[in-house]
Amino acid sequence: MEYNTILEKIEPYIKNTKLIHYKDNIYIKKESNQISNSFKWSGVLYSVMCEFEKLKNIKLHNKYYIVTQSTGNHAIALINSVNKCKNIYSKYVDVNNIYVYIFGNENIIKEKLYALKNLQNDKVIIDNNYKNYEFSLKAREIFLKRNNGVYLKHGGKNILDGYTALGLLINKQIEEIDNKIKSVGFYAAVGAGGPIGIGKGISLNNELKMISCQTTEFNAFNRSIRLKKICKNEMGQPVNVSNGIAVNEPEKYAFELGKKLVYKTVDVNTKEVELLKNNNNYGDSTCISLCSLNKYKTDTDIIIILDCEKVM
């Protein structure tokens with residue numbers, strides 16, 4: 001499917017959030033104001049739409065679970081996306097038997113857990129009764145072996161395609177700022193790889209220099225790009241920024257795409273991120289990107305920082 005077609009499919013259900021001027025040639029893409037309060041909405045929504053397309057005209061005799069593993073933003077977007085798709089596809093899909101199951105862990109920050117619990121009902125299960133990511137992962141894998149359902153990835157093709165559509169919207173906004181802009185520096189805090197899809201969308205119309213930003217403690221994606229093999233985070237250490245770690249390594253599709261798109265990887269010190277956060281109203285992930293910009297600045301016509309999530 002062409003990316004413009006994907007955009008047409010999801011555009012009626014997403015906000016075209018603003019590009020806010022930060023300083024000089026630097027702009028911030030305010031995805032913190034997106035429907036689910038994070039950039040996750042466009043990718044997760046399209047990925048869920050793809051699952052509902054597969055379920056068209058199939059009679060579900062038992063519960064069907066859309067499952068993911070998350071410490072907040074991804075899960076919030078998933079629950080809201082499933083609810084939205086139940087309305088969109090109600091004529092074609094047996095929505096009464098579709099459930100959402102979120103596998104978290106004890107390290108979910110209280111604000112995100114509160115937001116998730118507010119979305120919980122008899123068809124949305126929030127399960128954070130696990131010591132850490134690895135225990136949650138094993139529980140999720142066992143659950144799907146025993147129950148009918150699907151795992152919604154953080155960095156699979158469908159979700160990355162949805163993020164690519166968001167990149168196309170950014171291109172339109174860039175042209176509105178100045179139609180002579182040809183090169184874009186795009187800074188984003190990358191976990192499992194979602195923002196890579198946004199970068200792909202931007203690259204379809206512009207010369208792209210994508211900067212993958214992470215903290216030194218949790219830099220599995222950046223190390224994977226540098227070493228050209230998938231690396232893992234050490235999950236035993238405390239999470240001081242990024243509001244939790246959803247997955248401990250890049251997912252394969254996002255990693256392969258990242259090898260083609262990432263211009264430079266930048267790791268930043270957590271204390272610098274915390275200091276910056278204390279002096280502005282941006283979330284952890286956005287501050288990671290801003291610190292990365294202080295460490296390395298592209299020589300592009302415009303620089304865009306992904307404002308990943310609402311401050312909680």
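Residues take their numbers from the sequence shown, with the count starting at 1.
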field: side chain to side chain contact (heavy atoms under 4.5 Å, CB included) assessment of Asn171 paired with Ile174
entry: CA-CA 5 Å; Asn171 287 339; Ile174 291 171; 4.2 Å; yes
field: Verdict with reasoning, Trp41 to Asn80, per side chain to side chain contact (heavy atoms under 4.5 Å, CB included)
entry: CA-CA 9 Å; Trp41 180 248; Asn80 285 296; 3.5 Å; yes
message: side chain to side chain contact (heavy atoms under 4.5 Å, CB included), that's the test. Do Ile98 and Val82 meet it? Break it down for me.
response: CA-CA 9 Å; Ile98 296 177; Val82 170; 4.3 Å; yes
field: Evaluation steps, side chain to side chain contact (heavy atoms under 4.5 Å, CB included), between Ile225 and Phe255
entry: CA-CA 7 Å; Ile225 295 298; Phe255 167 63; 4.2 Å; yes
Salt bridge (Lys or Arg N to Asp or Glu O under 4.0 Å) between Asp301 and Lys180, worked out: CA-CA 9 Å; Asp301 296 333; Lys180 294 181 181 179; over 6 Å; no
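Contact record, Tyr151 with Glu251: OH-OE2, 3.4 Å, taken as the closest heavy-atom pair. The shortest heavy-atom contact between Tyr27 and Asn25 is CD1-O, 3.8 Å. Taking every heavy atom of both residues into account, Pro250 and Ser224 meet most closely at CG-OG, 3.5 Å. Considering every non-hydrogen atom in both Asn97 and Leu60, the closest pair reads ND2-O, 2.6 Å. Closest non-hydrogen pair, Asp94 versus Ile58, comes out as CB-O, 4.0 Å. Annotation for Ile35 and Tyr13: closest pair CD1-O, 2.9 Å, computed over non-hydrogen atoms.
Side chain of Ser36 to backbone of Ala77: no donor-acceptor contact under 3.5 angstrom is found. At distances below 3.5 Å, at least one donor-acceptor pair connects side-chain atoms of Asn222 with backbone N or O atoms of Ser212. Under the 3.5 Å distance criterion, the side-chain polar atoms of Ser38 are matched with a main-chain donor or acceptor of Lys40. The backbone N or O of Ile102 sits nowhere less than 3.5 Å from a side-chain atom of Thr68 that would complete a donor-acceptor pair. The closest donor-acceptor contact from the side chain of Asp284 to the backbone of Cys287 lies at 3.5 Å or more, if one exists at all. Under the 3.5 Å distance criterion, the side-chain polar atoms of Asp307 are left unmatched by any main-chain donor or acceptor of Thr286. Without hydrogens or angle criteria, Ser136 side chain to Gly104 main chain gives a donor-acceptor distance under 3.5 Å. One N or O on the side chain of Ser203 and one on the backbone of Lys200 form a donor-acceptor pair closer than 3.5 Å. With hydrogens and angles ignored, the 3.5 Å screen pairs a side-chain donor or acceptor of Lys123 with a backbone N or O of Asn96. Without hydrogens or angle criteria, Thr216 side chain to Asn269 main chain gives no donor-acceptor distance under 3.5 Å.
Distance check, rounded to the nearest 0.5 Å: OG of Ser285 to CD of Gln214 gives 10.0 Å. If you take OG on Ser42 and CG on Asp161, they are separated by 11.0 Å, rounding to the nearest 0.5 Å. Going from atom CD1 of Ile20 over to atom CD1 of Ile304 covers 12.0 Å, rounded to the nearest 0.5 Å. Considering CG of Leu55 and SG of Cys85, their distance stands at 10.5 Å, rounded to 0.5 Å. To the nearest 0.5 Å, atoms CD1 (Ile196) and CZ (Phe186) are separated by 8.5 Å. In this structure, Ser70 OG and Asn105 CG are separated by 9.5 Å, a value rounded to the nearest 0.5 Å.
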Let me check something: any side-chain donor-acceptor pairs from residues 137-149 under 3.5 Å, sequence neighbours excluded? List them with distances.
unit_1: Arg140; atom_1: NE; unit_2: Gln69; atom_2: OE1; d: 3.3
unit_1: Arg140; atom_1: NH2; unit_2: Gln69; atom_2: OE1; d: 3.1
unit_1: Asn147; atom_1: ND2; unit_2: Phe143; atom_2: O; d: 2.9

Output side-chain donor-acceptor pairs under 3.5 Å for residues 288-296, partner residues at least two apart or in another chain, one line each.
unit_1: Ser289; atom_1: OG; unit_2: Ala189; atom_2: N; d: 3.2
unit_1: Ser292; atom_1: OG; unit_2: Ile288; atom_2: O; d: 2.9
unit_1: Lys295; atom_1: NZ; unit_2: Asp267; atom_2: O; d: 2.6

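Within a 6.0 Å radius of NZ in Lys260, other residues, nucleotides and ligands contribute 12 heavy atoms or fewer. For Lys153, the NZ atom sits in a loose shell: 12 or fewer heavy atoms of surrounding residues, nucleotides or ligands are nearer than 6.0 Å. Around the NZ atom of Lys259, the shell of radius 6.0 Å holds more than 12 heavy atoms that belong to other residues, nucleotides or ligands. The local environment of NZ in Lys84 is sparse, with at most 12 non-hydrogen atoms from other residues, nucleotides or ligands closer than 6.0 Å. The local environment of CG in Asn281 is sparse, with at most 12 non-hydrogen atoms from other residues, nucleotides or ligands closer than 6.0 Å. The number of heavy atoms from other shown groups lying within 6.0 Å of CG (Asn87) is above 12.
Glu51 and Asn158 share no side-chain donor-acceptor pair at under 3.5 Å.
With sequence neighbours left out, Val95 forms a side chain to side chain contact (heavy atoms under 4.5 Å, CB included) with Phe52, Lys86, Val93.
If you chain together hydrophobic residues whose side chains sit under 4.5 Å apart, Phe135 and Val67 fall into the same group.
Residues Glu309 and Lys112 are paired through a salt bridge, judged by an N-O separation under 4.0 Å between the basic side chain and the carboxylate. The residues Lys56 and Glu53 are annotated as salt-bridged, a charged nitrogen and a carboxylate oxygen being separated by less than 4.0 angstrom.
Between Thr164 and the choices Ile202, Leu204, Ile198, Leu257, the side chain to side chain contact (heavy atoms under 4.5 Å, CB included) rule is met once, by Leu204. Among Glu31, Gln173, Gln34, the one residue that satisfies the side chain to side chain donor-acceptor pair (under 3.5 Å) test with Thr17 is Glu31. For the pairing with Tyr187, the side chain to side chain contact (heavy atoms under 4.5 Å, CB included) check across Ile305, Leu306, Val266 returns one residue only, Ile305.
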